[in-house]
Amino acid sequence: MHRYVALFYEAEQIRADASFPVIPDGCIDMVISYVQGHCMGISICGSITSMYRMTMENADYFFGMRFRPGCCPFLKNASALELLDSQELVRMSDLDYSFAFKLMSAKNFAERIALTSQYVCRAADRLLYTRDPGRSNIVDYAVEEICRTDGNISIRQISADMVYSSRYLETVFKAETGFTPKYMSRIIRANHAVTLLLAADGKNRTEVSAECGYSDLSHMNRELKGILGLNSARISIHDFLYSITDKKTVVYKF
């Protein structure tokens, strides 16, 4: 299961038109939404290229799973590239409806994870017959190295490790994840920077920029501005995500 899913999550609406910030991480989500215990649909939420927000307007509960880059087994009629910055409603089968009913009937979060794991594994088994394992291995290795180095590895190094050309690596990676390896590295490095900026360990922004592999503070600010829409000074503010949520474009709606 860890081969496909990075994490599971759930949320309940506590007020009308609840909004949540969404930061790009290269992943695709699958979300099942409910109103008063009735399934309203299953959505595939594509990877995002910038910071957006999601809203709960027509649902009072949802359960979601976040797939590792290039590992969503539910992409049927659309590619990861086509789903960038968008949301697609799944055409549900009897199997999907049965799963949604069992999910809502589960007693707790742990039981819902167990049910979802079985559901994902069945989809992954079907995918094995149609997916090229060679391409999967390329993407898996590249993502692992990018994450292991917090985005501080050259595409040339990754391609050399696998004895593929950089162009071929980029073509396969973008087709499977929606991003080029270089942009994925930028996203992962930006996420690392945000984590360090919000950590209460006394590091100043210049120290954070150096630890994250940026050439200087100005470089980090340009990168964060390009990906998140704000610089490091703003990120250092307590609870910055929710303070700017309403100013961001809605990308997912339930």
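From Lys102, atom NZ reaches atom CZ of Arg112 across 15.5 Å, with rounding to the nearest 0.5 Å. Atom-to-atom distance recorded for Leu196:CG and Cys212:SG is 4.5 Å, nearest 0.5 angstrom. Of the inter-residue distances, the one linking Glu10 atom CD with Leu103 atom CG reads 9.0 Å to the nearest 0.5 angstrom. Taken from CG in Asp85 to OG1 in Thr49, the straight-line distance is 3.5 Å, to the nearest 0.5 Å. For the atom pair CD (Glu88) and CG (Leu83), the distance works out to 5.5 Å, reported to the nearest 0.5 Å.
A centroid separation of 6.0 Å or more is found between the aromatic rings of Tyr34 and Phe101. Under the 6.0 Å cut-off for aromatic ring centres, Phe67 and Tyr4 do not qualify, their centroids lying 6.0 Å or more apart.
Taking the side chain as every heavy atom from C-beta outward, Ile188 and Thr149 never approach each other to under 4.5 Å. Taking 4.5 Å as the limit, some side-chain heavy atom of Arg222 sits within range of a side-chain heavy atom of His219. Counting heavy atoms from C-beta on, the side chains of Asp94 and Phe99 never come closer than 4.5 Å.
At distances below 3.5 Å, at least one donor-acceptor pair connects side-chain atoms of Glu207 with backbone N or O atoms of Asn204. Counting only distance, with no hydrogens or angles, the side chain of Asn191 and the backbone of Asp150 share no donor-acceptor pair below 3.5 Å. In this structure, the side chain of Asn221 engages the main chain of Ser232 through a donor-acceptor pair within 3.5 Å. In this structure a side-chain-to-backbone donor-acceptor pair under 3.5 Å is missing from Thr177 to Pro69.
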Evaluation steps, side-chain contact (heavy atoms from CB on, under 4.5 Å), between Ile146 and Phe173: CA-CA 12 Å; Ile146 290 171; Phe173 195 92; 4.3 Å; yes
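A salt bridge between Arg167 and Glu170 is absent, with no side-chain N of the basic residue lying under 4.0 Å from a carboxylate O of the acidic one. Ion pairing between a basic and an acidic side chain is recognised when a charged N comes within 4.0 Å of a carboxylate O; Asp25 and Arg66 show such pairing.
Of the N and O atoms on the side chains of Asp96 and Ser93, at least one donor lies less than 3.5 Å from an acceptor on the other residue.
Both cation-pi conditions hold for Arg189 and Tyr214: the charged atom is under 6.0 angstrom from the six-membered ring centre and inside a 45 degree cone around its axis.
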For residues 157-165, run the donor-acceptor check on the side chains, cut-off 3.5 Å, and write out each pair with its distance to 0.1 Å, sequence neighbours left out.
unit_1 : atom_1 : unit_2 : atom_2 : d
Gln157 : NE2    : Asp161 : OD1    : 2.7
Ser159 : OG     : Ile155 : O      : 3.1
Ser159 : OG     : Arg156 : O      : 2.9
Ser159 : OG     : Ser166 : OG     : 3.1
Asp161 : OD2    : Tyr141 : OH     : 3.1
Ser165 : OG     : Tyr168 : N      : 3.1

